[in-house]
Amino acid sequence: WAERGRRGRRRAQTAALDLGLQIVSLWFADLAATAWGAEDLIRNQDRRAELRQDAAADAAATPGRLRAAIELVEETRLRLSFNVTEELACEALGYRLERALGA
């Protein structure tokens, strides 16, 4: 039963992390839509002001760089299914996003 408990906890943690990464990916997609001037494609319509503010605050976050960021996040989501260490996967994602976005 202890092993089942650990596996269940790990599945729940991985599912929560996957959901968080999916939200990050959608935010980057909305930022890209804002940067392209295609605000009708924004999924988080209730967050238009925040999206505009984020897009204006980071001039280096071009639509191309944001697309690369989306790909990095989605790649990390896929890696979670291969039993990688979540902490290391998120740390690596942070470094990759920093490089991709030129921060």
Side-chain angles (χ1 to χ4, degrees):
W1 291 107
E3 182 66 25
R4 283 185 178 181
R6 281 193 298 270
R7 287 181 184 169
R9 188 179 72 240
R10 172 142 167 90
R11 277 192 301 273
Q13 288 173 337
T14 301
L17 180 58
D18 181 64
L19 179 61
L21 289 172
Q22 186 177 13
I23 291 169
V24 168
S25 179
L26 292 171
W27 186 261
F28 282 137
D30 285 350
L31 277 175
T34 302
W36 271 314
E39 290 191 2
D40 54 326
L41 298 177
I42 293 174
R43 291 172 184 91
N44 295 299
Q45 291 291 331
D46 60 326
R47 301 285 187 217
R48 273 188 179 198
E50 290 90 344
L51 286 163
R52 286 181 188 141
Q53 184 179 9
D54 283 358
D58 191 4
T62 63
R65 288 183 175 186
L66 291 166
R67 187 182 54 116
I70 294 166
E71 291 172 2
L72 290 171
V73 173
E74 291 301 319
E75 181 182 306
T76 301
R77 286 183 64 210
L78 288 174
R79 285 185 182 159
L80 292 177
S81 64
F82 296 113
N83 292 325
V84 299
T85 304
E86 289 94 349
E87 184 178 346
L88 292 177
C90 289
E91 185 176 348
L93 175 62
Y95 288 125
R96 289 180 180 134
L97 286 174
E98 185 177 32
R99 248 189 338 259
L101 295 173

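Keep in mind the model is a prediction, meaning the values are calculated, not measured.
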- Note on the structure: CG (Leu51) and CD (Gln45) are apart, to the nearest 0.5 Å, by 9.0 Å
- Task: Taking side-chain hydrogen bond (donor to acceptor under 3.5 Å, both in side chains) as the test, write out the residues that go with Glu75, two or more places apart.
- Result: Arg79
- Task: List for me each residue that meets salt bridge (charged side-chain N to carboxylate O under 4.0 Å, His left out) alongside Arg9, sequence neighbours excluded, and say none if there are none.
- Result: none
- Using a 4.5 Å side-chain heavy-atom cut-off and chaining through intermediate ILVMFWY residues, the residues clustered with Leu19 come out as Ile23
- For Arg96, all residues meeting salt bridge (charged side-chain N to carboxylate O under 4.0 Å, His left out), sequence neighbours excluded: none
- Partners of Arg67 by side chain to side chain contact (heavy atoms under 4.5 Å, CB included), sequence neighbours excluded? Glu71
- Message: Holding to side chain to side chain contact (heavy atoms under 4.5 Å, CB included), I want the full list of residues that pass it with Thr76, two or more places apart in sequence or in another chain.
- Response: Leu21, Ala89, Leu93
- Item | Sequence-distant partners of Arg47, side-chain hydrogen bond (donor to acceptor under 3.5 Å, both in side chains), two or more places apart | none
- Distance col, row Leu101:CG vs Phe28:CZ, nearest 0.5 angstrom, shows 5.5 Å
- Kindly compute the distance separating CG (Leu26) from CD1 (Ile42), expressed to the nearest 0.5 Å. 12.5 Å
- Item | Minimum heavy-atom distance Val73-Ser25, with the two atoms named | CG1-CB, 3.9 Å
- Item | Atom pair CH2 (Trp36) and OG1 (Thr62), whose distance is rounded to the nearest 0.5 Å | 9.0 Å
- Task: Could you list the residues that satisfy side-chain hydrogen bond (donor to acceptor under 3.5 Å, both in side chains) with Thr85, not counting sequence neighbours?
- Result: none
- Would you say the side-chain atoms of Thr14 pair up with the backbone N or O of Arg11, donor to acceptor, closer than 3.5 Å? no
- Is there any salt bridge (Lys or Arg N to Asp or Glu O under 4.0 Å) pair reaching into residues 82-91, and which pairs are they, with sequence neighbours excluded? Arg10-Glu86
- For Arg6, the side-chain hydrogen bond (donor to acceptor under 3.5 Å, both in side chains) test, sequence neighbours excluded, returns Glu3
- Note on the structure: Tracing side-chain contacts under 4.5 Å among Ile, Leu, Val, Met, Phe, Trp and Tyr outward from Tyr95 reaches none
- Which pair of heavy atoms, one from Arg43 and one from Ala29, lies closest together, and at what distance? NH1-CB, 3.4 Å
- Item | CG-CZ distance between Asp54 and Arg52, expressed to the nearest 0.5 angstrom | 12.5 Å
- CD/Glu98 to CG/Leu72 distance, rounded to the nearest 0.5 angstrom? 12.5 Å
